[in-house]
Amino acid sequence: MKLTKTFDKALWVFHLNSGSCNACDIEIVAAITPRYDAERFGIKLVGSPRHADVLLFTGPVTKKMKERVLRVYEQTPDPKVVMVVGNCGSTTGVFYDSYAVEGPIDTLLPDDAHILYVNGCPTRPENIINGVKEAWLYLEKLRGDDK
Amino acid sequence: MIEMSEEDTTYQVPIGPIHPALKEPFMINFKLDGETIVDADPHPGMNHRGIEFMGMHRNPLKVIPLSERICGICSIVHQHMYTTAVEHAAGIEPTNRARYIRTIMCELERVHSHVLWAGVAAHEIGFDTHLHFTWKIREKVMDLLEYISGNRVNYSMWTVGGVRRDIPESMHPKIEETLTYYEELYQKLEDIFLGDPSIRLRTKNIGILTKKEALELCGVGPTVRASGVKKDVRIDQPYAAYGDLDLDYVIPSRYGYENTGDVFSKTLVRLKEVVQSIGLIRQCVDQMPDEDIDSEPKKAVLLNKLKKAEGEGIGRIEAPRGEAIHYARLKEGVEELDCWKIRASTYNNLTTYAPMFMGEQIADIPIIAACIDPCIGCMDRAEIVDVSTGKSKSYSHDELHKLSVEKTKKLLEGSL
Ligand code: SF4
């Protein structure tokens, strides 16, 4: 799918917590506050998945959240990138042997989902900003030779 | 569950479990009569990860990093309770220096948690400039925590019998610098959150919890201290080094305010606790004894000791959100924990939602939900079902937030 020019520099991000420990979520908020100020790059946290280009995903996906996580993924318009923030999102991390964990997320999403991983437990705000930049480059590539 | 009858003309508003800003998945079912809330029914369990189960399948030292990942904002709190419970069960004493270092870290976490809360509260009533201001000044204590422990969140400082990192004398100037920074800024925080007339309009007499209700519902922490209940584990049952320090209950009447238990007094208590924490950290730095930081540096020996131990232990703490407890049991000859039980402060405080929401408006939901400083709290998706017609309407977090901001504007116009 080709993207329009409007994607340049204005990524809208929806944050979705599927049962994380909150640390990565706090760092995501820290990333948009004055010290790191991700908004100067046009990155904005939005309140609805229907407005988003990037899904910022944290947590190992608990049983109760699984269905809701998939619903939010479907509600996000294409083309979209899923950015998994933190180790517990990408591998279930410290929660690996729990009965209540259904993740990691990449085993639940469709095969053609575009997923980026940001590591760290918790990750740092600088790393999150770097991750969003990677997502932006990725979407640019999808835009192809449209330039 | 809230019952619905045929003649009922109230609305049902389930709120949650996905929230766009921060916090964990959680759901509250509201029952509304027009704009007024008549019932609130919390549904926890969305964030259930089976932590206790996992802890009972690992050796006691491996559980420490797991225990701090119960909640990232309270990571020190859970580490502390878990290690003290195991120490209690196995009869191991931490060194005195470790007690002081633990106290300093606990108080630093209280500063960061309360400043963070102030920002969230300001955001909920539509003052995003204050959100950015408080989060900007919060970075200073995050820097200090990183300087001491090596990480911004989830510090892994604790171990059974002591701590893993020292606070040597060379670190004291940096600690002092951070404390002075907060002291200088404190008046500004108070001017904003206690002095600003528009913030007062949104917080005074909103979400009231009377002293009687607070006692009956067994609320904990700043939530009930704001109603005048003298309850603080640091004083009632001193742990770590609190027994040696000079501190008193932070309740509004100590500062010439009434113990009303509304959002305003909860803000007041939290801000005053920041000052208290600064004083406590100073006392600790001055009194810290010269000793080892860990009573058993050889981890293999320690594990062996824990394997041979038999007994039960309890760890209590006054977390930034109130009292919390861990219980642990060790069995002789078994490496893993035999039993581990956690009771965090938000679980107690959830029950106080019911009287606080009662009779308030939809626009006040965000600030009242935030005022107990929940470790959970979701306003993303709210659906309103009109019982008389069967029609439904959805409120997103944004709409709820907008309602809240509009109320502030209306109040401002009325008061000008
Ligand atoms: S990656 Fe680690 S710090 Fe981040 S949410 Fe998961 S458990 Fe918490």
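A, B, ... follow the sequence lines: proteins, then strands. Residue 1 opens every chain.
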Please classify the contact of A:Cys88 with chain B as side chain, backbone, both or neither, using a heavy-atom distance under 4.5 Å.
neither
Chain B contact via A:Leu56 - side chain, backbone, both or neither, heavy atoms under 4.5 Å:
neither
In terms of heavy-atom contacts, A:Cys24 and A:Gly86 come closest through SG-CA, 3.9 Å
Greatest number of heavy atom pairs closer than 4.5 Å to chain B - which of [options]:
options	answer
A:Asp97, A:Val13, A:Val101	A:Asp97
A:Gly93, A:Pro34, A:Ala30	A:Pro34
A:Pro125, A:Pro60, A:Gly59	A:Pro125

Does this structure show an ion pair linking B:Glu107 with B:Arg110, if we count only N-O contacts that are shorter than 4.0 Å?
yes
Check this for me, if you would: do A:Glu102 and A:Lys66 make a salt bridge, where the nitrogen-to-carboxylate-oxygen distance has to be below 4.0 angstrom?
yes
If only side-chain N and O atoms count, and only distance matters, is there a donor-acceptor pair under 3.5 Å linking [Y] with [X]?
X	Y	value
A:Asn87	A:Tyr117	no
A:Ser20	A:Asp25	yes
A:Thr123	A:Glu27	no

Using the ring of B:Trp117 (Phe, Tyr or Trp, six-membered ring only), decide whether B:Arg270 places NZ or CZ under 6.0 Å from its centre and within 45 degrees of its axis.
yes
Please say whether the positively charged group of B:Lys188, taken as NZ for Lys or CZ for Arg, lies over the ring of B:Phe133, i.e. under 6.0 angstrom from the six-membered ring centre and within 45 degrees of the axis.
yes
In terms of heavy-atom pairs under 4.5 Å with chain A, the winner among B:Lys62, B:Glu139, B:Arg138, B:Lys136 is B:Glu139
Do the rings of B:His48 and A:Tyr99 sit parallel, tilted or perpendicular, given the 30° and 60° boundaries?
tilted
Going by residue number, which parts of residues 51-61 of chain B are within reach of chain A, meaning a heavy-atom gap below 4.5 Å?
B:Ile51, B:Phe53, B:Met54, B:His57, B:Arg58
